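These notes are about the structure you will find just below.
All of these numbers come straight from a predicted model, not from anything done at the bench.
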Amino acid sequence: MYTPEHHKQHTVEHIRRKGPHYAIFTDGSKSPSGVGLAAISPDKTVQFSLPSDAFVFTAELAAISSAVMIIKRMPPQKFTIYSDSRGAIEALKNYYPKNPLVQQIKYSLHEL
């Protein structure tokens, strides 16, 4: 089992190996006050609140979708979207996703 420190070291090494790129960090979370998402890049931050009954999985996907929208508005370059949601990443790896938000993200990525 990996410790948080191991994950941190792995992430730092991955970023170092990537070389120059435009990084966008995403997060979706739930708190007592509601569900929210963020996509944070060097030039732009997108934040939204979702209905309190929304799932964190939906917030994570919406954050990734927001990151893709940031990329669409940028000049061509290397981009990396960083997400800590294994579920969202696995859903995006699915060749025939049933979730409409996953389908929309995959279509947007295909357009890029």
Does Asp27 offer a backbone N or O that forms a donor-acceptor pair with the side chain of Glu60 under 3.5 Å?
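No, because the side chain of Glu60 does not come within donor-acceptor range (under 3.5 Å) of the backbone of Asp27.
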Show the nearest heavy-atom pair for residues [X] and [Y], with the distance to one decimal.
X	Y	result
Pro42	Ala23	CD-O, 3.3 Å
Ala88	Leu61	CB-CD2, 3.8 Å
Ala91	Phe57	CB-CZ, 3.8 Å
Ala38	Gln47	CB-CG, 4.1 Å
Val56	Gly28	CG1-O, 3.7 Å
Ser29	Ala59	N-CB, 4.2 Å

Quick one: which of Lys106, Gln104, His110, Glu111 gives a side-chain hydrogen bond (donor to acceptor under 3.5 Å, both in side chains) with Ser108?
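For Ser108, the side-chain hydrogen bond (donor to acceptor under 3.5 Å, both in side chains) check succeeds only for Gln104.
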His14 vs His10 aromatic rings, parallel, tilted or perpendicular, using cut-offs 30° and 60°?
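Correct class here is parallel.
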Check for me, please, whether [X] and [Y] land in the same ILVMFWY cluster - side-chain distances under 4.5 Å, paths through other members count.
X	Y	result
Ile24	Met74	yes
Ile70	Ile40	no
Leu37	Leu109	yes
Val35	Val46	yes
Phe79	Met69	yes

Run the side-chain contact (heavy atoms from CB on, under 4.5 Å) test on His21 and Ile15 for me, step by step, so that the C-alpha distance in whole Å, both residues' side-chain angles and the decisive distance to 0.1 Å come before the verdict.
CA-CA 9 Å; His21 67 283; Ile15 291 170; 4.2 Å; yes
Identify the residue among Val102, Thr26, Leu101 that makes a side chain to side chain contact (heavy atoms under 4.5 Å, CB included) with Ile64.
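One option only clears the test, and that one is Thr26.
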For atom CZ of Arg17, decide whether the heavy atoms of other residues, nucleotides or ligands shown that lie under 6.0 angstrom number more than 12.
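More than 12 heavy atoms, drawn from other residues, nucleotides or ligands, come within 6.0 Å of this atom.
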Exceeds 12 heavy-atom contacts within 6.0 angstrom, atom NZ of Lys44:
no
Quick one: pull up CG in Leu92 and CD1 in Ile81 and give me the separation to the nearest 0.5 Å.
9.0 Å
Rounded to the nearest 0.5 angstrom, the CD-NZ distance for Glu13 and Lys8 is 14.5 Å
For the residue pair Ser41 and Tyr22, confirm or rule out a side-chain donor-acceptor distance under 3.5 Å.
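Side chains of Ser41 and Tyr22: pair found under 3.5 Å.
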Before giving the answer on side-chain contact (heavy atoms from CB on, under 4.5 Å), spell out for Leu112 and Ile71 the whole-Å C-alpha distance, their side-chain angles and the decisive distance to 0.1 Å.
CA-CA 9 Å; Leu112 291 172; Ile71 292 169; 3.7 Å; yes
Is any side-chain heavy atom of Leu50 closer than 4.5 Å to a side-chain heavy atom of Phe55?
no
side-chain hydrogen bond (donor to acceptor under 3.5 Å, both in side chains) for Ser83 and Ser85? Distances and angles first, verdict last.
CA-CA 5 Å; Ser83 171; Ser85 174; 4.8 Å; no
